[in-house]
Amino acid sequence: MSYQAPSPAPSLQELARRQQNVITASQLRARGVPARVVSEYCRRGGPWQRLLPRVYLLQGGEPTPEQRMWAALLYAAQDGREEGRREGAVITGTAALALYGFTSVPRLPAVTEVDVLVPRQRRLKDAGEVRIRRTGRELEARSVHGLACAPVARAVADALREWAAEGAFELGLVPPALVRRVLVEAVGRGEAGCTVAELIAELGEAELLEEERVRAALDELLAAQRELVLGRLGELIDEWLLPVPVTGPELRMKGGTYVAVPDLYWPEAGVAVEVDSELRCVSEGEAAWVRGGQHRMEYLGVRVVYVSGQRVAAEPDVVGGELREAFRAGGEDVIELFVSS
């Protein structure tokens with residue numbers, strides 16, 4: 001195995017270009033710039049300026065919004081190493097959503113505070129516009145215009161958590177429509193956004209699922225997503241020449257005992273379809289109620305087909321074939337169930 005020398009550190013000019021003219025004290029020191037020169041250049045009327053502790057802008061005038069983001073990230077990521085590596089900090093919350101280009105939050109120039117996630121053990125204080133947010137979880141980063149940002153789902157949860165902590169919900173500063181728009185935009189951006197499952201996981205981690213406005217917006221989002229999937233399933237059922245199933249029936253036993261409410265049901269075959277059942281409810285009580293219904297159907301002989309929206313979108317022909325095979329096979333010794341549509 002041949003030896004490969006490490007790449008040389010970028011020059012001050014190259015580093016300044018990469019970081020939009022924002023540089024840390026350690027980066028300047030590593031490139032031979034004495035502290036006295038930095039102090040002299042940052043005096044009133046000088047060519048440089050100090051933006052945050054140990055973070056400088058190598059130009060005069062007002063920093064751009066992107067330069068403010070760079071300053072926040074570099075301040076939070078400083079660890080005394082030569083390059084001031086940025087792996088130890090990520091921008092999150094509203095600032096990250098603005099960088100992602102969310103139309104439901106203020107555009108970047110209007111973002112006055114920047115939340116930055118750092119590992120829990122880091123000893124840092126808020127400074128200027130920068131608010132330090134500590135986490136015990138491993139940091140994940142997405143590069144947005146060269147800046148390290150939290151993944152979309154985490155950034156959304158942190159933004160909503162900040163609004164809740166500031167009392168913005170109670171004061172009416174964040175209307176329900178805005179919460180809905182943020183959630184819808186997060187899952188509607190395709191690969192550039194997040195899945196509903198990722199969003200629910202982050203909102204649960206942030207203890208926001210019981211917040212009334214967040215819960216209502218999430219319920220609407222789930223219902224809309226499921227309606228889209230059910231609509232596509234209806235098209236697949238037509239394409240595969242299957243009979244039209246009953247939609248959302250209430251199944252009961254002969255004596256009136258409640259069984260379940262599947263998404264789709266073929267009474268003649270004893271086959272039920274459940275769409276994104278793991279995302280159907282966000283509270284554990286409701287989720288347990290849904291799971292109980294599914295287990296009762298299976299116990300009574302109903303063949304239950306579990307379908308995810310992702311598979312319907314990615315593998316429609318495979319899903320259609322599975323539905324046809326399930327209908328042909330039917331349930332096994334299904335106890336007579338009464339359908340109320």
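- Checking side-chain atoms of Arg252 against main-chain N and O of Gly256 turns up a donor-acceptor pair under 3.5 Å.
- Applying the salt bridge (Lys or Arg N to Asp or Glu O under 4.0 Å) criterion to Arg18, with sequence neighbours excluded, gives Glu14.
- Applying the ring-ring contact (aromatic ring centres under 6.0 Å, His included) test to pairs two or more places apart or on separate chains, none has a residue in residues 184-216.
- Residues in residues 140-152 take part in these salt bridge (charged side-chain N to carboxylate O under 4.0 Å, His left out) pairs, two or more places apart or across chains: Glu140-Arg142.
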Please table the atom pairs, donor to acceptor, closer than 3.5 Å between any side-chain atom in residues 32-44 and protein atoms at least two apart or in another chain.
| residue | atom | partner | partner atom | Å |
| --- | --- | --- | --- | --- |
| Ser39 | OG | Ala35 | O | 3.2 |

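- Taking the six-membered ring for Trp and thresholds of 30 and 60 degrees, Trp266 and Phe327 have ring planes more than 60 degrees apart, a perpendicular arrangement.
- Evaluation of the salt bridge (Lys or Arg N to Asp or Glu O under 4.0 Å) rule for Glu162 yields Arg131, Arg133 as partners, not counting sequence neighbours.
- Residue pairs meeting the salt bridge (charged side-chain N to carboxylate O under 4.0 Å, His left out) criterion with at least one partner in residues 50-68, sequence neighbours excluded, are Arg68-Glu129.
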Can I get a per-line list of side-chain donor-acceptor pairs under 3.5 Å for residues 313-323, giving both atom names and the distance, sequence neighbours left out?
| residue | atom | partner | partner atom | Å |
| --- | --- | --- | --- | --- |
| Glu315 | OE1 | Arg311 | NE | 3.1 |
| Glu322 | OE1 | Arg311 | NH1 | 3.1 |
| Glu322 | OE2 | Arg311 | NH2 | 2.9 |

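- Residues passing the salt bridge (Lys or Arg N to Asp or Glu O under 4.0 Å) test with Arg303, sequence neighbours excluded: Glu332.
- Applying the side-chain contact (heavy atoms from CB on, under 4.5 Å) criterion to Ala186, with sequence neighbours excluded, gives Phe102, Val152, Val156, Cys194.
- Residues passing the side-chain contact (heavy atoms from CB on, under 4.5 Å) test with Ala72, sequence neighbours excluded: Val114, Val116, Val130.
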Side-chain polar contacts of residues 88-101 - donor-acceptor pairs under 3.5 angstrom, sequence neighbours left out - could you list them?
| residue | atom | partner | partner atom | Å |
| --- | --- | --- | --- | --- |
| Thr92 | OG1 | Asp158 | OD2 | 2.6 |
| Tyr100 | OH | Ala150 | O | 2.7 |

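- A search for salt bridge (Lys or Arg N to Asp or Glu O under 4.0 Å) contacts involving Glu235 returns Arg232, not counting sequence neighbours.
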